[in-house]
Peer 1: 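Quick one: the structure is below, questions incoming.
Everything quoted here is computed from the prediction, not taken from an experiment. Here, residue 1 is the first one in the sequence, and each next residue gets the next number. These numbers come from the heavy atoms of this one structure, side chains and all, not from hydrogens, waters or symmetry mates.
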Amino acid sequence: MRRKIPSTAALVAFESAARHQSFTKAAEELALTQSAICRQIAGLEEFLGLELFRRSRRGVKLTEAGLAYSRRIAAQLDAVERDTLAVMGQQGAMTVELAIVPTFGTQWLLPRLKDFQRLHPEVTVNLTNRTRPFLFADTDFDAALYFGDAEWSGTRADFLMHENSVPVCSPTLLEGRSGLDAEAIARLPLLQQTTRPYAWRQWFSSLGMNVARDLSGPRYELFSMLAQAAMHEMGVALIPPFLIQRELADGHLVVAHPHSFRSDKAYYLIIPERKLESAALGAFRDWLVEAARLYRSEAGLD
């Protein structure tokens, strides 16, 4: 079946004219004549069966339909350009498109990634944030750094590390004390992590406590958001120390209670089975698994 898609030339002319609100400026930008722009847009309007611009002696102005369409087309053309540049940049190169959970990727992976680049300068690793599970078939990702379980159908999972979270807060909340007992923490606002909804319940339970309000409190999707909220004295957050080393070292955050809770879930490198033969991905996997093993050993987490 023939697709209902206008010509690319008409869409480019329309996007430029809509952005400038001028056929003349669009012609200058695209190195075309004004009459060529007029013909492209007239043809597009005929194709769509609606008016995109109102013409007057003072110039042109987008209709409501034209404004809505221009926003969508601009986004789609930007996406096509990004994809085109990505393909052009990959000629002769070895790349790994990696989905990452943001804070782990920023705080743990990125400081170590230069070591991989030194060992494998021929491989480029591109990072994109993804906080939720997804289907590899629906994306261009080669692999994912994921926190959860290893039950992804049609994939191989390599264990990296568990989370050992501790309560942290602004030193102001300690009011001069060296720390807080669990009962005192239970009375403070408990900052919640959206993707770990039972973290506080599990932490209190590991101390033999049943706290009625352990699921209450403001929710944040990223650990970096939790850390910022805690630094601004908004409450106590459960965060693995390796994700906030700088904040702890600077004294912006302090450990409110030394008890840590190891989650039953963990960080994994997830690779689709169809990608297992990739040399670039194999090199990255070997390096990452070893880097995680060394970290666990040095941190006493094994």
Peer 1: Just jot down the salt bridge (charged side-chain N to carboxylate O under 4.0 Å, His left out) partners of Arg54, sequence neighbours excluded, or say none.
Peer 2: none

Peer 1: Checking Ala291 now: which residues fulfil side-chain contact (heavy atoms from CB on, under 4.5 Å) with it, not counting sequence neighbours?
Peer 2: Trp108, Trp287

Peer 1: List the residues meeting salt bridge (charged side-chain N to carboxylate O under 4.0 Å, His left out) with Asp115, not counting sequence neighbours, and say none if there are none.
Peer 2: Arg118

Peer 1: Using the test side-chain contact (heavy atoms from CB on, under 4.5 Å), find all partners of Glu221 that sit at least two apart in sequence or belong to another chain.
Peer 2: Thr131, Arg132, Thr194

Peer 1: Partners of Met234 by side-chain contact (heavy atoms from CB on, under 4.5 Å), sequence neighbours excluded?
Peer 2: Leu191, Tyr220, Ala229, His232

Peer 1: Applying ring pair (Phe, Tyr, Trp, His ring centres under 6.0 Å), name anything that partners Phe147, two or more places apart in sequence or on another chain.
Peer 2: Tyr267

Peer 1: Check salt bridge (charged side-chain N to carboxylate O under 4.0 Å, His left out) between Arg130 and all other residues, then give those that pass, not counting sequence neighbours.
Peer 2: none

Peer 1: Check side-chain hydrogen bond (donor to acceptor under 3.5 Å, both in side chains) between Arg201 and all other residues, then give those that pass, not counting sequence neighbours.
Peer 2: Asp214

Peer 1: Under 4.5 Å between side-chain heavy atoms, chaining through other members, with only Ile, Leu, Val, Met, Phe, Trp and Tyr counted: pull out the rest of the cluster around Leu50, sorted by chain and number.
Peer 2: Leu11, Val12, Phe14, Phe23, Leu30, Leu32, Ile37, Ile41, Leu44, Phe47, Leu48, Leu52, Phe53, Val60, Leu62, Leu67, Tyr69, Ile73, Leu77

Peer 1: Running the 4.5 Å side-chain criterion over Ile, Leu, Val, Met, Phe, Trp and Tyr, what cluster does Tyr198 land in, apart from itself?
Peer 2: Leu215

Peer 1: Considering only Ile, Leu, Val, Met, Phe, Trp and Tyr, and joining two whenever side-chain heavy atoms are under 4.5 Å apart, list the other residues clustered with Leu174.
Peer 2: Leu180, Ile185, Leu188, Leu190, Trp200, Trp203, Phe204, Leu207, Met209, Val211, Val236, Leu238, Val254, Phe261

Peer 1: Residues two or more places apart in sequence or in another chain: which of them pass salt bridge (charged side-chain N to carboxylate O under 4.0 Å, His left out) with Glu29?
Peer 2: Arg19

